[in-house]
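Read through the structure below, which is laid out as structure tokens, and then see the notes.
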Amino acid sequence: MGNSEKSNSDNDKEILDRETVNKIWEEAYRANPRAYEKDDQSIIVGFALTEDTPSIFPLLPEEQWAIEGKTISSWIITMVSLTNPQGGIIGQMEYHEAMKRLAPYIIVVADNWVLIRAMTHDELDGLFEGLPRNVI
């Protein structure tokens, strides 16, 4: 983790020591982008945030990834459930809106990356309050 590290454990009402945070960081899933071309030839790049999985996400993915010769029309995060009997996708949200709503669950910010603690199905579901559950 870099010099720009900061902890956001107040919202979780527990203090995580540096050793615990480092262990979570090392074992966390590092989100990788997947690109999709829609029928109108626009490109969407998405990341998956899965229930019960600590995950590392870029703060500004558009500064880290590009597709040569293509314009990326939107960045999204797909919230995925492991326990929902109706199916795995809870919903999809525009990337930066999702990051705002995920702020209480971020335990570390380092360089251009955030560590999001493992979230329950109800917590992922609650991110959509007041928003449609788009599935692209």
Side-chain angles (χ1 to χ4, degrees):
M1 290 184 287
N3 295 337
S4 62
E5 168 187 321
K6 76 177 181 183
S7 178
N8 186 18
S9 59
D10 293 341
N11 293 324
D12 291 335
K13 297 185 176 49
E14 65 179 274
I15 304 297
L16 299 175
D17 62 40
R18 181 178 287 282
E19 186 176 319
T20 301
V21 170
N22 285 342
K23 185 173 193 245
I24 295 169
W25 187 276
E26 289 171 12
E27 295 175 358
Y29 167 76
R30 184 173 293 267
N32 291 306
R34 295 200 56 162
Y36 305 91
E37 187 170 17
K38 294 182 68 175
D39 291 339
D40 66 2
Q41 311 304 292
S42 63
I43 304 290
I44 295 172
V45 177
F47 295 82
L49 178 59
T50 303
E51 175 183 349
D52 294 331
T53 306
S55 301
I56 299 170
F57 276 74
L59 270 177
L60 302 168
E62 62 275 10
E63 292 182 6
Q64 290 183 251
W65 287 285
I67 299 173
E68 190 174 332
K70 300 275 187 175
T71 300
I72 297 171
S73 60
S74 58
W75 297 84
I76 61 169
I77 295 180
T78 302
M79 290 20 160
V80 179
S81 173
L82 300 171
T83 59
N84 184 357
Q86 283 81 33
I89 295 178
I90 296 170
Q92 295 176 318
M93 191 179 303
E94 189 279 325
Y95 195 93
H96 296 291
E97 178 64 29
M99 279 294 147
K100 283 189 243 175
R101 290 174 179 247
L102 286 165
Y105 306 101
I106 293 173
I107 54 177
V108 174
V109 177
D111 300 323
N112 189 30
W113 297 92
V114 297
L115 174 60
I116 302 167
R117 71 162 174 77
M119 296 174 64
T120 67
H121 175 87
D122 288 343
E123 289 170 330
L124 288 172
D125 189 56
L127 295 173
F128 289 91
E129 187 172 319
L131 287 181
R133 293 171 188 273
N134 295 330
V135 177
I136 298 169

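The analysis underlying the following values was restricted to heavy atoms, covering all of them including side chains, and did not include hydrogens, waters or symmetry mates. In this chain, numbering begins with 1 at the start of the sequence shown.
- Pairing each heavy atom of Thr53 with each of Ala118, the nearest pair is N-CB, 3.7 Å.
- The distance from atom CZ of Phe47 to atom CG of Asn32, rounded to the nearest 0.5 Å, is 8.0 Å.
- In this structure Glu27 satisfies the salt bridge (charged side-chain N to carboxylate O under 4.0 Å, His left out) test together with Lys23, sequence neighbours excluded.
- Relative orientation of the Phe57 and Tyr95 rings is tilted, given thresholds of 30° and 60° on the angle between their planes.
- Applying the side chain to side chain donor-acceptor pair (under 3.5 Å) test to residues at least two apart or on different chains, the pairs with a partner in residues 64-73 are Gln64-Asn112.
- Within the 4.5 Å cutoff, side-chain heavy atoms of Ile90 are placed close to those of His121.
- Across all non-hydrogen atoms, the minimal contact from Arg101 to Met93 is CD-SD, 3.7 Å.
- Tracing side-chain contacts under 4.5 Å through hydrophobic residues (I, L, V, M, F, W, Y), one never reaches Met119 starting from Tyr29; they form parts of separate clusters.
- Between Leu127 and Glu97, the closest side-chain pair of non-hydrogen atoms is not below 4.5 Å.
- Cluster membership for Met99 and Val80, using ILVMFWY side-chain heavy atoms within less than 4.5 angstrom, is not shared.
- The NZ atom of Lys38 sits 11.0 Å away from the CD1 atom of Ile43 when rounded to the nearest 0.5 Å.
- Pairs of residues two or more places apart, or lying in two chains, never qualify as salt bridge (Lys or Arg N to Asp or Glu O under 4.0 Å) while including a residue from residues 45-54.
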Could you please spell out the steps behind the side-chain hydrogen bond (donor to acceptor under 3.5 Å, both in side chains) verdict for Ser42 and Asp40?
-> CA-CA 6 Å; Ser42 63; Asp40 66 2; 2.6 Å; yes
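- When all heavy atoms are compared, the tightest approach of Gly91 to Phe128 is C-CZ, 3.4 Å.
- In this structure, CD1 on Ile77 lies 6.0 Å from CD1 on Ile116, to the nearest 0.5 angstrom.
- Here the straight-line distance linking atom CD of Glu94 with atom NZ of Lys100 works out to 7.5 Å at 0.5 Å rounding.
- If you take CD1 on Ile89 and OG1 on Thr78, they are separated by 5.5 Å, rounding to the nearest 0.5 Å.
- In this structure, Trp25 and Val108 have side chains that are in contact, with non-hydrogen atoms separated by less than 4.5 Å.
- Here the closest non-hydrogen pair linking Val21 and Leu115 is O-CD2, 4.3 Å.
- No donor-acceptor pair under 3.5 Å is formed between the side chain of Arg34 and the backbone N or O of Ala48.
- Of all heavy-atom pairs between Tyr36 and Gly46, the closest is CE1-N, 4.4 Å.
- Proximity of His96 to Glu62: side-chain heavy atoms (C-beta onward) are separated by under 4.5 Å at one or more points.
- Here the CZ-OG1 distance, from Arg18 to Thr20, works out to 11.5 Å after rounding to the nearest 0.5 Å.
- Considering only heavy atoms from C-beta on, Leu49 comes within 4.5 Å of Leu102 through its side chain.
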